[in-house]
Amino acid sequence: MAYKTKEWRGNMRVTVDYNYMMSKTLGDKGLTDSQFKAIKSQAEEAFDFVAKNRGKDELFMGWTELMYNQDEIVADILATAKSVRKKFKYFVVLGIGGSALGPIMAFNALKHLHYNELPPKKRGGPKFYVEDNVDPVRMQALLDVIVPEETCFNVISKSGATSETMTQFLIIADILEKKGLSLPEHMIFTTDEKRGNLIKIDEKYGGKFKKYVLPDGVGGRFSELCPVGLLPAAVLGIDIKGMLAGAAYMDGLCSKPSIAKNPALCLAAMQYITMQQGKNINVMMPYSDNLKLVADWYCQLWAESLGKALDLDGKVVNAGTTPVKSLGVTDQHSQVQLYTEGPFDKVITFISVKNYATEMPIPHGCEDIPDVGFLGGHTMQELIQAENTATGYALMKAGRMNYTITLPEVNAFTLGQLMFLLEMQTAYTGALLNINTFNQPGVENGKIATFALLGKKGYEAQKREIAEVGEPDSKYIV
Ligand code: PA5
C-alpha cells in the first residue's frame, strides 16, 4: 500500500542543488558540463553494476531491497516494540559501528533532542541509550542511570564476534544474572540467522531469546533499514514504515542511468571527478541539530566503503576521500574559516531543512543597538537558513565547491530518502572507483592485534610479533 498521498510524497521530495559545484558560479574552480560528459559512459557502467547486482547477498547488496521484502518482519517488530514500550522503562542498544550508528542517528533525527529528560508522559516510550564504545567510564555512566530490572537490552552484532559488543554483553549479562533476572526476558538479539556467538548463546538458553535476523547480504553500515535500525526506532515510536517508504521513494528517483536525472549518481559523479582533481576531503555539514548525527553515520558509510587499498583488478589504488563531520551554524565559528581560506582540497555537502519542526520567533529588543536590534521580528528558522545560504554563497565566492541536499522537513519519510540517497551515492562512487565497496579488510588487522594483546587462543604468534615489533623505543617518547 502506498505511503500517504502522491501529492504529499511529492511535497516531501529531497532535492540536490549543485549550482555551487559548477563553473557557471565558480569559474575555473568549478566543474563543467563537458567533465560530466567525459565520464558519461563510466557513470552508466556504475549505474548498471548497481542495478545488475542489487539484492545479491553474495555481494553484500541485500540493502537495496529492504524496503520491499520486510513486511512480515516489520509487523513482528511493531508487535515486539509495543510490548517493550509497555514493559520496560529503558531500552539500551549494545553494539558498535554499523550496529550502533544508525540507531543513534535515527533517534537523534526523529525524536525530541532532550528525549531522555522529558517526563514519561511526554516521552511516550522508554529512555534510550546506545553503548557505541568500550570506554569503562561510559559503561559505568550507563549503569548509574538505568535500572536493570526495568531495562531491555538489544544486542546487535552481525558476526556475534565483535569484542566490544561481546564485552558489553558480558558485563550486562553478569549484572542481570547476579540479580536473578532472566537474560532472555531482558535481551533481544539482532544477529546473523545461523552463525556467530549470539546464536550459540541462544542455543545454551534453549532458543529462548527473541531474535531478529541481520540479513546475510546487509553489511553493518548499510543496515539501518533492517532490524538493526527498525527495532530501536519502533521502540521509540518512530514511523518505521515511513522510513522504508522514503527509501523506496528515493530508489524510484534514482532509477535512471543519467547524471542529470539520478540524484545519487549525480552526487557520486561529482565526488568521483573531484577526487581525480585531488579534492580528498568530503565534509558533511547539516544545518540542523536533528541531522547532526547523519554526518557521523555518513562518515562511517563513506570511509569504510571507499577507503580501499586495491581495486577489483588487484591494482593498488589506495582509494577514498576523508569524510569530515561538521555542524551548521556551530562550525561556522570553528571550521568554516579553514573551508573558506585553506587548501582547495574539500567538497562540502550541506544538508538543509526547509521547514524546521518549530520556528522560534526572535522578540524585538535592544532596538537602540543596531547590531542586536535587527534580529528582532525574525525567527530562528530564518536566521539558521540565512546563515546556511550565506555560508554556501561565501564558499562559492571563495571558489570552494559545495552542494546542498534539502529536506522539506525532518520526518521518517525524508530521513529514509536521505539515507538511501547517501547509500546509493556510496555504491555508485565505489563502482566508479572499481573497488569493493562492501568489505572492510582494513579493520581486520586492528581486530587481530586486539585479540593477540588480550591473549585470545590461536593468536600467540601475533602476540609475539607485537612484543617484538610493537615494543615502543623510549628514544621516541618525550
Ligand atoms: O559496517 C560494518 O560492517 C562494521 O562497522 C560493523 O558494523 C561493526 O564492526 C560491528 O560488527 P558486528 O555487527 O559484526 O558486531
Side-chain angles (χ1 to χ4, degrees), residues 1-22 36 39-40 42-55 61-70 102 105-106 109-110 222 224-225 229 239-272 284 286 288 291 294 297-298 301-302 305 349-355 403-432 437:
M1 206 179 57
Y3 183 80
K4 305 215 176 178
T5 63
K6 192 171 172 199
E7 191 191 355
W8 186 90
R9 294 195 302 273
N11 290 336
M12 287 298 141
R13 177 175 175 163
V14 169
T15 54
V16 176
D17 178 343
Y18 59 101
N19 274 285
Y20 290 170
M21 293 293 289
M22 303 302 294
F36 283 127
I39 62 152
K40 185 172 177 280
Q42 261 177 291
E44 283 166 0
E45 275 170 36
F47 175 89
D48 285 345
F49 177 85
V50 174
K52 200 172 77 212
N53 293 310
R54 57 180 298 154
M61 288 193 62
W63 56 273
T64 59
E65 308 309 301
L66 293 169
M67 312 79 90
Y68 309 118
N69 60 13
Q70 291 192 105
M105 176 259 285
L110 300 174
F222 288 86
E224 174 53 18
L225 293 171
D239 173 13
I240 59 173
K241 288 186 180 168
M243 265 168 42
L244 291 164
Y249 185 77
M250 181 51 71
D251 192 21
L253 297 179
C254 298
S255 59
K256 304 233 161 51
S258 145
I259 294 173
K261 293 193 179 131
N262 177 334
L265 194 58
C266 176
L267 295 182
M270 290 191 291
Q271 290 287 349
Y272 178 69
M284 175 170 278
S288 154
L291 299 178
V294 171
W297 172 82
Y298 178 70
L301 181 71
W302 191 259
S305 299
T349 305
F350 291 114
I351 304 186
S352 303
V353 178
K354 215 162 169 190
N355 289 306
Y403 56 81
T404 299
I405 301 173
T406 301
L407 276 61
E409 63 181 47
V410 180
N411 60 36
F413 185 76
T414 56
L415 185 69
Q417 284 185 67
L418 180 62
M419 279 191 273
F420 199 76
L421 172 68
L422 298 173
E423 288 175 345
M424 283 300 251
Q425 177 204 18
T426 306
Y428 288 141
T429 309
L432 280 163
T437 309

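Hydrogens, waters and symmetry mates are skipped; everything else that's a heavy atom, side chains included, is used. What you see is a predicted model; the values in this text were computed from it and never measured.
Between Ala268 and Tyr428, the closest heavy-atom pair is CB-CB, 3.5 Å. The heavy-atom pair separating Gly430 from Thr437 by the smallest distance is CA-OG1, 3.2 Å. The two residues Leu244 and Gln70 make their nearest non-hydrogen contact at CD2-NE2, 3.9 Å. What you find for Glu224 and Gly102 is that their closest heavy atoms are OE1-C, 2.9 Å. Val353 and Ser288 get closest at one heavy-atom pair: CG2-CB, 3.9 Å. Shown here for Ser255 and Phe47, the closest heavy-atom pair between the two residues is O-CZ, 3.4 Å.
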For a side chain to side chain contact (heavy atoms under 4.5 Å, CB included) check, start with the C-alpha distance between Asp251 and Arg54, then their side-chain angles and the critical distance, and finish with the verdict. CA-CA 11 Å; Asp251 192 21; Arg54 57 180 298 154; 2.8 Å; yes

Going through the checks in order, is the side chain to side chain contact (heavy atoms under 4.5 Å, CB included) test met by Tyr249 and Phe420? CA-CA 9 Å; Tyr249 185 77; Phe420 199 76; over 6 Å; no

Met61 and Val50: side chain to side chain contact (heavy atoms under 4.5 Å, CB included), yes or no, with the steps? CA-CA 8 Å; Met61 288 193 62; Val50 174; 3.8 Å; yes

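A 4.5 Å side-chain heavy-atom check between Asn262 and Met424 finds every atom pair outside the cut-off. Looking at Gln42 and Tyr272, their side chains come closer than 4.5 Å, going by heavy atoms from C-beta outward. Residues Leu225 and Met243 meet the side-chain proximity criterion, which asks for heavy atoms closer than 4.5 Å. When side chains are defined from C-beta on, Val410 does not count as touching Leu415, because their heavy atoms never get closer than 4.5 Å. For the pair Met105/Tyr298, no side-chain contact is recorded, criterion being any heavy-atom separation below 4.5 Å from C-beta on. Looking at heavy atoms from C-beta onward, Tyr403 lies in side-chain contact with Leu267 at the 4.5 angstrom threshold. Residues Thr349 and Gln271 form a side-chain contact, since some pair of their non-hydrogen atoms from C-beta on lies under 4.5 Å apart. Annotation: side chain of Met12 is not in contact with side chain of Tyr3 (no heavy-atom distance under 4.5 Å).
Remark: Asp239 pairs with no residue by the salt bridge (Lys or Arg N to Asp or Glu O under 4.0 Å) rule, at least two apart or across chains. Not a single side-chain hydrogen bond (donor to acceptor under 3.5 Å, both in side chains) links Thr64 to another residue, sequence neighbours left out. Listed by chain and residue number, nothing satisfies the salt bridge (Lys or Arg N to Asp or Glu O under 4.0 Å) test with Glu45 (two or more places apart in sequence, or in another chain). By the side-chain hydrogen bond (donor to acceptor under 3.5 Å, both in side chains) test, Trp302 is found to be paired with Thr321, residues two or more places apart in sequence or in another chain being considered.
Expressed to the nearest 0.5 Å, how far NZ of Lys261 lies from CG of Leu253 amounts to 13.5 Å. Here the straight-line distance linking atom CD1 of Ile351 with atom CG of Leu418 works out to 5.0 Å at 0.5 Å rounding.
Note on residues 6-21: pairs passing side-chain hydrogen bond (donor to acceptor under 3.5 Å, both in side chains), not counting sequence neighbours, are Asp17-Asn19. Annotation: side-chain hydrogen bond (donor to acceptor under 3.5 Å, both in side chains) contacts involving residues 404-418, sequence neighbours excluded, comprise Glu409-Asn411, Asn411-Thr414.
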